[in-house]
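In what follows, chains carry the letters A, B, and so on, assigned in the order in which the sequence lines appear, proteins first and then strands, with residues in each chain numbered from 1.
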Protein chains: 2
Amino acid sequence: MERLEKYYNQIKNSPVFYGMNDEELKGLLECFNARVRKYEKEEMIIRQGDMISNIYLILDGAVNIEKDSYWGRRIIISRLGKNDNLALSFVGSKDVESSVDAITVEDTLVLILGYEKCTSMCQNACVRHKVLINNLFQILSKENIELIQKIENVSQKTIRDKLMTYFSNEAQKNHSNTFSINFNRQDLADYLNVDRSAMSFELSKLQKEGFIKYDKNHFELLS
Amino acid sequence: MERLEKYYNQIKNSPVFYGMNDEELKGLLECFNARVRKYEKEEMIIRQGDMISNIYLILDGAVNIEKDSYWGRRIIISRLGKNDNLALSFVGSKDVESSVDAITVEDTLVLILGYEKCTSMCQNACVRHKVLINNLFQILSKENIELIQKIENVSQKTIRDKLMTYFSNEAQKNHSNTFSINFNRQDLADYLNVDRSAMSFELSKLQKEGFIKYDKNHFELLS
DNA sequence: TTATTTTTGTTGTAAAAACAACAGAAATGT
DNA sequence: ACATTTCTGTTGTTTTTACAACAAAAATAA
């Protein structure tokens, strides 16, 4: 059991608890029976079919949201990192089981909040709860928009278009033409939903033709 | 201007206002400056780049959420109908403009709620607001899960797999092996992100091979 | 009704992707 | 440092898709 206090500041500044003062936060953490848990690399935090009643907040590390297509192919739906939430939508939808796996890609520290327990207890009384649900609403909004962007991404027709759309988005996020990505080649392929070797080939073609430059996981958009 | 009262019962039973009594609902509708608007077929309700500050609830009709890929190809992200919400995620994310178009596919009736106006007015006072935001949170959760499902769908590698995944989902929704779909062939192709003629070809192949039977827009899953 | 427009299915061809197999590079462990 | 494992790029082959062109069917309008 990790000590919660160590991460107190980070927790306080996470979107989940945005706008709360120390007292409110403390009360809420207690009410939620908050605890910190460490997951090893490649460990499953959530698996398909699980009923989710906790809110998971990544304190440190990285997590893949994945789905195994029934003929064995892996689909990476998203890659989450520090301060991201896990499977929030399955908390919001009552009686819906998770349709995805959440798997760590490295050693990962997670804050776990017993959402259900708290909401059933403090139903209407808890004032903090109002701020919280507002925050959750906004977080979900953002996730939603990112999912739409991902749909746009994988909906491109050629591997080249998928790559360039992805790179554009990353560059925009980074406010720069250069950026590093978290994915290795296989992961990127699974994220963009293409064959790895074909993608590798397309990458070097893009470089030869002068559209991009890259060294390992560092990329530069030219033109 | 359509009369709001006419749709009062429907509005009351929509997920947005779930769990509210008449008094609360009436107050909220007033606070939101609620109004009903009719859109003609193929009319744009929202277009890419719009700032969204209203909640849109479809009372009757059908709406496509679309995106034009920059090389002219149309992507249908989702098809919405009665009691569905439009672009809710863009309301939740402040200062984010819509990345999609919302276009009616037939004459459509929409309830429009001035979300921003209301929230700024009744900030903390309004009790009804708490129920509302809770509902919105759940609606967004559901949308989120559906988007994930759509990602899974378009992430299948062959046209056949996309079709069968889509059909399975539709059958499940309908609790039956037979179901009708809303899409015409071109729309379905744009939704599954494949070429229409190739899809048509695959459909008849699936029928010849005995996996499905179909007549126009009515389908049956065999085996 | 007939004419016109829209939708759907079919085919052949060209383009792109998946797949498999492998070699070199990089990372990891001992 | 060395051996071993993992990751990445390259190539040829097969499969699948997109695209274009067209005919048949269905829906719509006159």
Please identify each residue that fulfils ring-ring contact (aromatic ring centres under 6.0 Å, His included) with A/Y191, with sequence neighbours left out. A/Y166, A/F183

Atom-to-atom span, CZ of A/F201 to P of D/dT11 - whole angstrom: 7 Å

Excluding sequence neighbours, so at least two apart, what forms ring-ring contact (aromatic ring centres under 6.0 Å, His included) with B/Y39? none

For A/Q172, what residues pass the side-chain contact (heavy atoms from CB on, under 4.5 Å) criterion, not counting sequence neighbours? A/N169

Could you run down nucleotides 12-29 of chain D 5' to 3' and tag each one B, S or - for protein heavy-atom contact under 4.0 Å? ----SSSBB------S--

A/E209: what forms a salt bridge (charged side-chain N to carboxylate O under 4.0 Å, His left out) with it, not counting sequence neighbours? A/R160

Results of ring-ring contact (aromatic ring centres under 6.0 Å, His included) for A/F179 - residues two or more places apart only: A/F167

5' to 3' on DNA chain C, which nucleotides open and close the contacts with chain B (atom under 4.0 Å from a heavy atom)? C/dT8 to C/dC19

Under 3.5 Å, is there a donor-acceptor pair between the B/Q149 and B/N153 side chains? no

Can you list every pair that meets side-chain hydrogen bond (donor to acceptor under 3.5 Å, both in side chains) and has a residue in residues 211-221 of chain B, with sequence neighbours left out? B/S180-B/H218, B/R185-B/N217

Contacts of B/E42 that satisfy salt bridge (charged side-chain N to carboxylate O under 4.0 Å, His left out) - sequence neighbours left out: none

Have a look at A/S204 and say if it touches a base, only the backbone sugar-phosphate, or nothing, with a 4.0 Å heavy-atom cut-off. sugar-phosphate

Residues which pass salt bridge (charged side-chain N to carboxylate O under 4.0 Å, His left out) with A/K67, listed by chain and number, not counting sequence neighbours: B/E152

Sequence-distant partners of A/K173, salt bridge (charged side-chain N to carboxylate O under 4.0 Å, His left out), two or more places apart: A/E170

End axis versus end axis in the helix from C/dT1-D/dA30 to C/dT30-D/dA1, the angle rounded to 10°, five pairs used at each terminus: 60°

